[in-house]
Trainee: 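Got a structure for you, written out below as C-alpha cells; questions coming shortly.
Proteins come first, then strands; the chains are lettered A, B, ... in the order of their sequence lines, and each starts at number 1.
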Protein chains: 2
Amino acid sequence: MSADPSTRRGIPDATVARLPEYLRALHSFSDDGIASVSSEDLAVATGVGSAKVRKDLSYLGSYGIRGVGYDVDHLAYQISFALGLTHEWAVAIVGMGNLGRALAAYRGFATKGFRIVGLLDQDTRLHGQVVAGLPVRPMADLAGLVGEGLAIGVIATPAESAQDVCDQLVSVGVRSILNFAPTVLATPPSVVVRKVDLSTELQILAFHEQRKAGRAVTLAEVSS
Amino acid sequence: MSADPSTRRGIPDATVARLPEYLRALHSFSDDGIASVSSEDLAVATGVGSAKVRKDLSYLGSYGIRGVGYDVDHLAYQISFALGLTHEWAVAIVGMGNLGRALAAYRGFATKGFRIVGLLDQDTRLHGQVVAGLPVRPMADLAGLVGEGLAIGVIATPAESAQDVCDQLVSVGVRSILNFAPTVLATPPSVVVRKVDLSTELQILAFHEQRKAGRAVTLAEVSS
DNA sequence: GTGACTTTGTGCGCGCCTTCACAAGGACGT
DNA sequence: ACGTCCTTGTGAAGGCGCGCACAAAGTCAC
Ligand SMILES: NC(=O)c1ccc[n+]([C@@H]2O[C@H](COP(=O)([O-])OP(=O)(O)OC[C@H]3O[C@@H](n4cnc5c(N)ncnc54)[C@H](O)[C@@H]3O)[C@@H](O)[C@H]2O)c1
Ligand SMILES: NC(=O)c1ccc[n+]([C@@H]2O[C@H](COP(=O)([O-])OP(=O)(O)OC[C@H]3O[C@@H](n4cnc5c(N)ncnc54)[C@H](O)[C@@H]3O)[C@@H](O)[C@H]2O)c1
C-alpha cells in the first residue's frame, strides 16, 4: 500500500546498482566517437547479460530503437537523470586521516557530478591545513555547509567515532551517508547509509579462495 | 548435479557476505567479557533480523544451545573456520598512489587475519621507497611473492592499467582479486574478482537522495 | 513499396533469499 | 524428578530478480 504500482517509478534496487556501470560504459563509448550501441554492446562492456541490460533500461522508459540500438548520448542523459546526476551534489568528508586524504585527492568525484565542499576533522592541529586544495575545518562548520547545499556525508574516521560523527551529520540534516568505518550505524529510517568495508571484502575473497584450495588439498603451509 | 545437497557445504552467497559482520560483533562481545549471546543480541548488533541470523548460522552447523544462545568464542571460531580465516592470507597491493598508500597504512588488515607481503608499482622512482614498513617493489617481483604464498591481489592503479595489472596477477597464479579501479575486469572463471567502486556508491546515494527530495519539491538550486 | 534483417521490450517460469511461525530441545528452579 | 520457560533450528510461503525466448517494431537495400 505504500506505493501504487501503476504510478510508481519503482526502479528495482538491483537495477539502480547497475545503472552507474552502464553510464560509465556509455561515457567511454561516447569518448570513442560511437553514437549508437546495442544492448549486446553494453552487455560485453559491463559483463552483464544483454537481456538484463534491456530490462534494466526499460525501467527508465523506451529509449531504444528497434533494429538499431540506443543513442549513446541520449541514453547517458536518461540514466543521469534517473540517478539524479543532472545537477551536482555537494559532499563533505569527515576524518582527514590516511583514507580521508586519499578520498579528498581522488579526481573521480568531480567528473561524476559530485563536488567536495568540505573536509572536516576533530583534531585542532589539522585545522587550516590544506588538503587537495581545500582547508581542513572543525566539526562546528558542518551546520553552515548544510546551509550551502551539503547533501552527502562521507565518514572516514576510526570506528569508535563513527556513530558520533553520524549523529552529528544527521542532526544538521544530512540524509545520505557513505561509511568507511567498520561499524553498523544507527540512524532514523529517513537516512540512507551505504557502507564500504575493506575487511569484509577480503574475508569474502578468503572464503572463496579456501573453497577452491580445499578442492585440491588443504595446502598452504608456508613455513618461510 | 554439480553438488550433492547432502554432502554440500553450500553456504549461500548472501550468508557469506554477512558472516564477517557477525564475526565483528562477536569479537566486540568477547572484548566486553560477554560469554554468550542470543540470535536477538546479534540481530541488534548487526542490524539483521534475528530469524535471518539463525538461518545463516544454521548453515555452519548447530552450534547454539536452545534456551540459552551461542557461546561467543566458539561461534567466532566456527565462523572464522567457515570463512577460511584460521590461517593468515598473504596480500599484495599493486599501485602505490594515494589510495594504495592509505591501504598499506591500514591496520585493519593484520587484526583480521590478512598480512601484506608486498607493495608493487610500475614507477621506478618509487622502488625502494618504504611505505608503512615495507619497500615498494617492481612488478617483476610478483612471481616470487606467489612462491611465498601470495593468495590475494589488490589493484589500486588507474583504470587504464587495471586490466594489464589483473592479467599479470592472474598469469603468476593469483586467483582472488580486490579491484578499486572503476573498470570491469576480464578474467578466467577460476578467478574471483570483487570490486569496490566509490563513484557507484555515491551515485546510488544520489538516486535515493533525489527520490526523497522529489517527494517534496525538485528544490536544490544553489546558485552560490 | 516491399521484403528481409536486426534489435528492442517483455511475458513467463525458475531459483534464491527473506520472513513468519512454531515445534523441538535444553537449562534452571523447586 | 518434573514442569516451566526460553531460544534455537527449520518447514513453508511469499517476493524479488534472473534469463529465456519471442513477438513487435523499425531500418535498410533494392
Ligand atoms: N586506511 C585505509 O585504507 C582504510 C581502509 C578501509 C577502511 N578504513 C577505515 O576508515 C577509517 C579511517 O581510516 P584511517 O586509516 O584514515 O584512520 P586515521 O586514524 O588515519 O584517520 C582518522 C581521522 O579521523 C579523525 N577523527 C577521529 N575522531 C573524530 C571525530 N569524532 N570527528 C571528526 N574526526 C575525527 C582523526 O583526527 C583522524 O584524522 C577507519 O574506520 C578505518 O577502519 C581505512
Ligand atoms: N584515491 C581514492 O580515494 C580513490 C577512491 C576510489 C577509487 N580510486 C581508484 O583507485 C585507483 C588508484 O587511485 P589513486 O588516487 O591512488 O591513483 P594514483 O594516480 O595516485 O596512483 C596510481 C599508482 O599506480 C601506479 N601504476 C600505474 N600503472 C601501473 C601499472 N601498470 N602497474 C603498476 N602500477 C601502476 C602509478 O605509478 C601510481 O603510483 C584509481 O583507479 C582510482 O580510480 C581511488
Side-chain angles (χ1 to χ4, degrees), chain A residues 1-6 8-19 21-22 25-26 29 34-72 74-76 78-79 82 204 207, chain B residues 1-6 8-19 21-22 25-26 29 34-72 74-76 78-79 82 204 207:
Chain A
M1 285 297 155
S2 61
D4 179 350
S6 64
R8 198 162 84 102
R9 273 294 180 90
I11 303 179
D13 286 346
T15 294
V16 173
R18 280 185 296 268
L19 289 179
E21 203 65 51
Y22 301 145
L26 288 169
F29 281 126
I34 298 171
S36 178
V37 292
S38 67
S39 60
E40 183 60 27
D41 295 334
L42 275 173
V44 301
T46 58
V48 173
S50 64
K52 208 190 288 189
V53 170
R54 289 197 297 277
K55 184 153 285 187
D56 283 341
L57 298 181
S58 75
Y59 288 114
L60 311 183
S62 281
Y63 300 118
I65 300 174
R66 292 167 192 245
V68 177
Y70 301 87
D71 180 85
V72 171
H74 185 233
L75 184 57
Q78 291 298 340
I79 293 179
I204 294 171
F207 171 80
Chain B
M1 283 304 154
S2 62
D4 178 349
S6 63
R8 197 164 84 104
R9 271 297 179 89
I11 304 178
D13 286 346
T15 294
V16 172
R18 281 187 295 269
L19 289 179
E21 203 64 53
Y22 300 145
L26 287 169
F29 281 126
I34 297 171
S36 178
V37 291
S38 67
S39 61
E40 182 60 28
D41 294 334
L42 274 173
V44 302
T46 57
V48 172
S50 63
K52 207 189 288 186
V53 171
R54 288 196 298 278
K55 182 147 283 189
D56 283 342
L57 297 181
S58 74
Y59 289 113
L60 310 184
S62 280
Y63 300 119
I65 302 175
R66 293 169 190 241
V68 177
Y70 301 86
D71 179 86
V72 171
H74 185 235
L75 184 57
Q78 291 298 340
I79 293 179
I204 294 172
F207 171 80

Trainee: Hey, does B:Tyr22 have a side-chain heavy atom less than 4.5 Å from the side chain of B:Leu75?
Mentor: no

Trainee: Distance under 4.0 Å to a non-hydrogen atom of chain B counts as contact; along DNA chain C, which nucleotides mark the start and end?
Mentor: C:dC17 to C:dA27

Trainee: Please, which pairs that meet salt bridge (charged side-chain N to carboxylate O under 4.0 Å, His left out) have at least one residue in residues 49-62 of chain B, sequence neighbours excluded?
Mentor: B:Arg18-B:Asp56

Trainee: Please report the closest heavy-atom contact between B:Tyr59 and B:Gly10, naming both atoms and the distance.
Mentor: CD2-O, 4.2 Å

Trainee: Looking at residues at least two apart in the chain, or sitting in another chain, which of them share a side chain to side chain donor-acceptor pair (under 3.5 Å) with B:Ser38?
Mentor: B:Asp41

Trainee: Give the table of side-chain donor-acceptor pairs shorter than 3.5 Å for residues 63-71 of chain A, with sequence neighbours excluded, one pair per line with atom names and distance.
Mentor:
residue : atom : partner : partner atom : Å
A:Tyr63 : OH   : A:Leu60 : O            : 3.3
A:Tyr63 : OH   : A:Gln78 : OE1          : 3.2
A:Asp71 : OD2  : A:Asp73 : N            : 3.4
A:Asp71 : OD2  : A:His74 : N            : 2.9

Trainee: Report which part of the nucleic acid A:Gly49 touches: base, sugar-phosphate, or nothing (heavy-atom distance under 4.0 Å, all strands).
Mentor: nothing

Trainee: If you compare all heavy atoms of B:Ala25 against all heavy atoms of B:Ala45, which two are closest, and at what distance to 0.1 Å?
Mentor: CB-CB, 4.1 Å

Trainee: Does a nitrogen or oxygen in the side chain of B:Ser39 sit under 4.0 Å from OP1 or OP2 of D:dT8?
Mentor: yes

Trainee: Return the value, rounded to whole Å, for the distance between atom CG of B:Leu60 and atom P of D:dG9.
Mentor: 10 Å

Trainee: Figure out the OH/C1' separation between B:Tyr59 and D:dT8, and round it to whole Å.
Mentor: 15 Å

Trainee: If you compare all heavy atoms of B:Val48 against all heavy atoms of B:Ala43, which two are closest, and at what distance to 0.1 Å?
Mentor: O-CB, 3.0 Å

Trainee: Whole angstrom is fine here: how far is it from CG in B:Asp71 over to P in D:dT8?
Mentor: 13 Å

Trainee: For the pair made of CG in B:Asp41 and P in D:dT7, what is the distance, rounded to whole Å?
Mentor: 9 Å

Trainee: Listing time: all N or O pairs from protein to nucleotides 25-30 of chain D that are below 3.5 Å?
Mentor:
residue : atom : partner : partner atom : Å
D:dA25  : O4'  : A:Arg66 : NE           : 3.4

Trainee: Can you name the atoms? Protein N/O to nucleotides 14-18 of chain D N/O, anything below 3.5 Å, with the distance.
Mentor:
residue : atom : partner : partner atom : Å
D:dC18  : OP1  : A:Arg18 : NH1          : 2.9
D:dC18  : OP2  : A:Arg18 : NH2          : 3.1

Trainee: Determine whether B:Phe207 and A:Leu19 make a side-chain contact, defined as any pair of heavy atoms from C-beta on separated by less than 4.5 Å.
Mentor: no

Trainee: Could you state the atom-to-atom distance from CZ of A:Arg54 to P of D:dC20 in whole Å?
Mentor: 10 Å

Trainee: Would you give the length of the straight line joining atom CD1 of A:Ile204 to atom CG of B:Asp13, rounded to the nearest 0.5 angstrom?
Mentor: 8.5 Å

Trainee: Quick one: on DNA chain D, does A:Val48 or B:Ser62 contact a more 5' nucleotide (nearest heavy atom)?
Mentor: B:Ser62

Trainee: Is there side-chain contact between B:Leu26 and B:Leu42, with heavy atoms separated by less than 4.5 Å?
Mentor: yes

Trainee: Over the length of the helix from C:dG1-D:dC30 to C:dT30-D:dA1, how much do the five-pair end axes diverge, rounded to 10 degrees?
Mentor: 20°

